[in-house]
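Report on one structure; see the data block that follows.
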Amino acid sequence: MGEVKITGDIKIGGDNPCFIIAEVGQNHQGDIEIAKKLIKAAKEAGASCVKFQKTCLKEKFTNKYLERPYDNSNSWGKTYGDHKRHLEFSEAQYRELFKYAQEVGIPFTASAMDMVSFDFLVNLKVPFIKIGSGDSNNLLFLKYAASKMVPLIISTGMVDKSAVKTIYDIVSANHKRFCLLHCISAYPVPFEDCNLTVLQDYKNTFDVPVGYSGQELGTAVALAAVALGAKVLEKHITLDKTMKGTDHVCSLTPAEFKQLIKDVRVIEASLGTPIKKVVTSEIPCIDKLQKSLVMGCTKNRGEILYPGDVKIKKEDEPLNEGDFC
Ligand SMILES: CC(=O)N[C@H](C=O)[C@@H](O)[C@H](O)[C@H](O)COP(=O)(O)O
Ligand SMILES: C=C(OP(=O)(O)O)C(=O)O
């Protein structure tokens with residue numbers, strides 16, 4: 001599987017380092033200043049990109065759905081519509097955040113939650129558009145997105161393998177500038193449901209870079225995903241896990257995000273080659289610790305050597321071939 005060129009600067013897959021997305025999602029609480037702090041935190045943590053979620057509420061939801069009560073501790077309003085209206089930034093605010101990210105020096109994008117938002121993001125000229133798991137079975141939307149010929153990163157939560165094959169076929173019929181992310185959509189995902197080995201199956205099945213979007217607690221699973229070959233990694237970022245909102249609990253703080261990225265880079269450096277060989281850094285230990293053949297007793301030149309005369313020990317002056325002549 002080769003690399004996908006997202007922009008001149010961003011390449012994913014092949015030998016490129018794992019592309020790490022700091023998913024702000026709606027962890028900004030509907031507050032643009034918190035959003036900016038999260039953009040800055042993503043940059044300081046070393047993320048490859050910061051991501052939001054763009055929704056046109058009338059396009060994504062029916063009126064009836066928007067009017068239904070949303071009564072829980074993570075709700076920002078009496079109805080689901082009130083809740084989502086509180087969290088949704090306007091197009092002008094998106095432009096402001098895009099510009100802010102440019103100033104900070106981190107690529108900015110969002111998932112398009114509907115076709116109207118998709119067009120908005122195309123016009124905003126984000127480097128790629130994310131399609132979240134909520135649309136992994138939305139064939140009409142996937143066809144639309146694929147027809148626009150912009151790079152895509154597509155998550156595959158809430159569907160089975162046959163649906164993922166359909167996504168692959170739809171998009172690759174148009175172009176190959178896309179990546180597929182294994183994902184389980186639960187907040188948080190129980191570890192035993194992560195099914196990370198799916199990544200190996202994705203790698204064997206699809207001729208595009210594959211990655212992992214993780215909603216489980218902590219960083220261990222995400223690190224394992226990189227060891228299993230994830231070329232894209234997405235995790236939620238938050239300023240405070242105890243804030244109100246569905247996703248904070250399964251998010252990483254800026255300090256945790258920074259550590260995750262450091263650890264990913266260590267894993268990448270350590271994966272190396274599958275060819276078992278002696279490496280240069282082992283030479284001091286070979287000299288210091290590896291045993292060799294030594295004489296176990298005194299013998300004069302020409303005397304016969306018997307089994308047991310020669311031992312295997314750590315020795316400064318091991319026997320050389322010539323010593324037996
Ligand atoms: C599948 C999907 O879209 N998931 C997103 C990305 O992970 C989430 O951020 C949801 O938008 C969020 O959990 C919704 O929460 P509420 O319904 O409380 O606003
Ligand atoms: C829902 C999203 O992502 P995922 O399915 O990867 O959690 C998203 O990016 O908006």
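As a basis for the values below, the full set of heavy atoms in this structure was taken, side chains included, without hydrogen atoms, waters or symmetry mates. By convention here, the first residue in the shown sequence is residue 1. One-based numbering, in listed order, for ligands and for the atoms of each.
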> Just which atoms of ligand 2 are under 4.0 Å from any heavy atom in Lys51?
Replying inline: 8 (C), 9 (O), 10 (O)
> Have Thr166 and Asp169 got a donor and an acceptor in their side chains that come within less than 3.5 Å?
Replying inline: no
> Under 4.0 Å from any heavy atom of Glu23, which atoms of ligand 2 are there?
Replying inline: 8 (C), 9 (O), 10 (O)
> Considering only heavy atoms of Glu234, which atoms of ligand 2 have at least one such atom less than 4.0 Å away?
Replying inline: 9 (O)
>> The criterion is side chain to side chain donor-acceptor pair (under 3.5 Å); which residues satisfy it with Asp160, sequence neighbours excluded?
In response: Ser162
>> Give the atom numbers and elements of ligand 2 that come within less than 4.0 Å of a heavy atom of Met113.
In response: 10 (O)
>> We want to know whether Gln259 and Asp263 form a side-chain donor-acceptor pair, criterion being a heavy-atom distance below 3.5 angstrom.
In response: yes
> Do the side chains of Phe108 and Leu87 join up, straight or via other hydrophobic residues, at under 4.5 Å, putting them in one cluster?
Replying inline: no
> Think Arg68 forms a cation-pi with Tyr65, using NZ or CZ under 6.0 Å from the six-ring centre and within 45 degrees of its axis?
Replying inline: yes
> Pro151 and side-chain contact (heavy atoms from CB on, under 4.5 Å): which partner among Val4, Ile6, Thr109?
Replying inline: Ile6
>> Can you name the atoms of ligand 2, numbered from 1 with element, that are less than 4.0 Å from a heavy atom of Gln53?
In response: 10 (O)
> By number and element, which atoms of ligand 2 are closer than 4.0 Å to a non-hydrogen atom of Cys183?
Replying inline: 4 (P), 5 (O), 6 (O), 7 (O)
> Would you call the rings of Phe206 and Tyr168 parallel, tilted or perpendicular if under 30° counts as parallel and over 60° as perpendicular?
Replying inline: tilted
> Would a 4.5 Å heavy-atom cut-off, applied to side chains only, mark Ile237 and Asn27 as touching?
Replying inline: no
> In terms of atom number and element, which parts of ligand 2 are under 4.0 angstrom from non-hydrogen atoms of Ser155?
Replying inline: 4 (P), 5 (O), 6 (O)
> Which one holds for Ser133 and ligand 2: side chain close, backbone close, both close, or neither close, with close meaning a heavy atom under 4.0 Å?
Replying inline: both
> For Gln215 and ligand 2, does the shortest N/O to N/O distance drop below 3.5 Å?
Replying inline: yes
>> For Gly211 versus Leu199, what's the shortest heavy-atom pair and its separation?
In response: O-CD2, 3.3 Å
> Ala47 and Ile106: which non-hydrogen atoms are nearest, and at how many Å?
Replying inline: O-CD1, 3.7 Å
>> Please state which option from Gly132, Ala186, Gly214, Cys250 has its nearest heavy atom closest to atom 1 (C) of ligand 2.
In response: Gly132
> Any heavy atom of Gly134 sitting closer than 4.0 Å to ligand 2?
Replying inline: no
>> Could you tell me, atom by atom, which parts of ligand 2 come under 4.0 Å of a heavy atom of Ser111?
In response: 8 (C), 9 (O), 10 (O)
> Quick one: which of Asp201, Thr205, Val159, Val210 gives a side-chain contact (heavy atoms from CB on, under 4.5 Å) with Val164?
Replying inline: Val159
> Starting from atom 3 (O) of ligand 2, which protein heavy atom do you reach first, and at what distance in Å?
Replying inline: Lys130 NZ, 2.8 Å
> Parallel, tilted or perpendicular: which fits the ring planes of His83 and Tyr70, with parallel below 30° and perpendicular above 60°?
Replying inline: tilted
Table of N or O contacts for ligand 1, cutoff 3.5 Å:
{"unit_1": "ligand 1", "atom_1": "4 (N)", "unit_2": "Tyr187", "atom_2": "OH", "d": "2.6"}
{"unit_1": "ligand 1", "atom_1": "7 (O)", "unit_2": "Tyr187", "atom_2": "OH", "d": "2.8"}
{"unit_1": "ligand 1", "atom_1": "7 (O)", "unit_2": "Gln215", "atom_2": "OE1", "d": "3.4"}
{"unit_1": "ligand 1", "atom_1": "7 (O)", "unit_2": "His236", "atom_2": "NE2", "d": "3.1"}
{"unit_1": "ligand 1", "atom_1": "9 (O)", "unit_2": "Gln53", "atom_2": "NE2", "d": "2.8"}
{"unit_1": "ligand 1", "atom_1": "9 (O)", "unit_2": "Asp247", "atom_2": "OD2", "d": "2.4"}
{"unit_1": "ligand 1", "atom_1": "11 (O)", "unit_2": "Gln53", "atom_2": "OE1", "d": "3.1"}
{"unit_1": "ligand 1", "atom_1": "13 (O)", "unit_2": "Asp247", "atom_2": "OD1", "d": "2.7"}
{"unit_1": "ligand 1", "atom_1": "15 (O)", "unit_2": "Gln26", "atom_2": "NE2", "d": "3.2"}
{"unit_1": "ligand 1", "atom_1": "15 (O)", "unit_2": "Thr246", "atom_2": "OG1", "d": "3.4"}
{"unit_1": "ligand 1", "atom_1": "17 (O)", "unit_2": "Tyr70", "atom_2": "OH", "d": "3.3"}
{"unit_1": "ligand 1", "atom_1": "17 (O)", "unit_2": "Tyr80", "atom_2": "OH", "d": "2.5"}
{"unit_1": "ligand 1", "atom_1": "18 (O)", "unit_2": "Tyr70", "atom_2": "OH", "d": "2.6"}
{"unit_1": "ligand 1", "atom_1": "18 (O)", "unit_2": "His83", "atom_2": "NE2", "d": "3.4"}
{"unit_1": "ligand 1", "atom_1": "18 (O)", "unit_2": "Thr246", "atom_2": "OG1", "d": "2.4"}
{"unit_1": "ligand 1", "atom_1": "19 (O)", "unit_2": "Gln26", "atom_2": "NE2", "d": "2.7"}
{"unit_1": "ligand 1", "atom_1": "19 (O)", "unit_2": "His83", "atom_2": "NE2", "d": "2.7"}
{"unit_1": "ligand 1", "atom_1": "19 (O)", "unit_2": "Lys84", "atom_2": "NZ", "d": "2.8"}

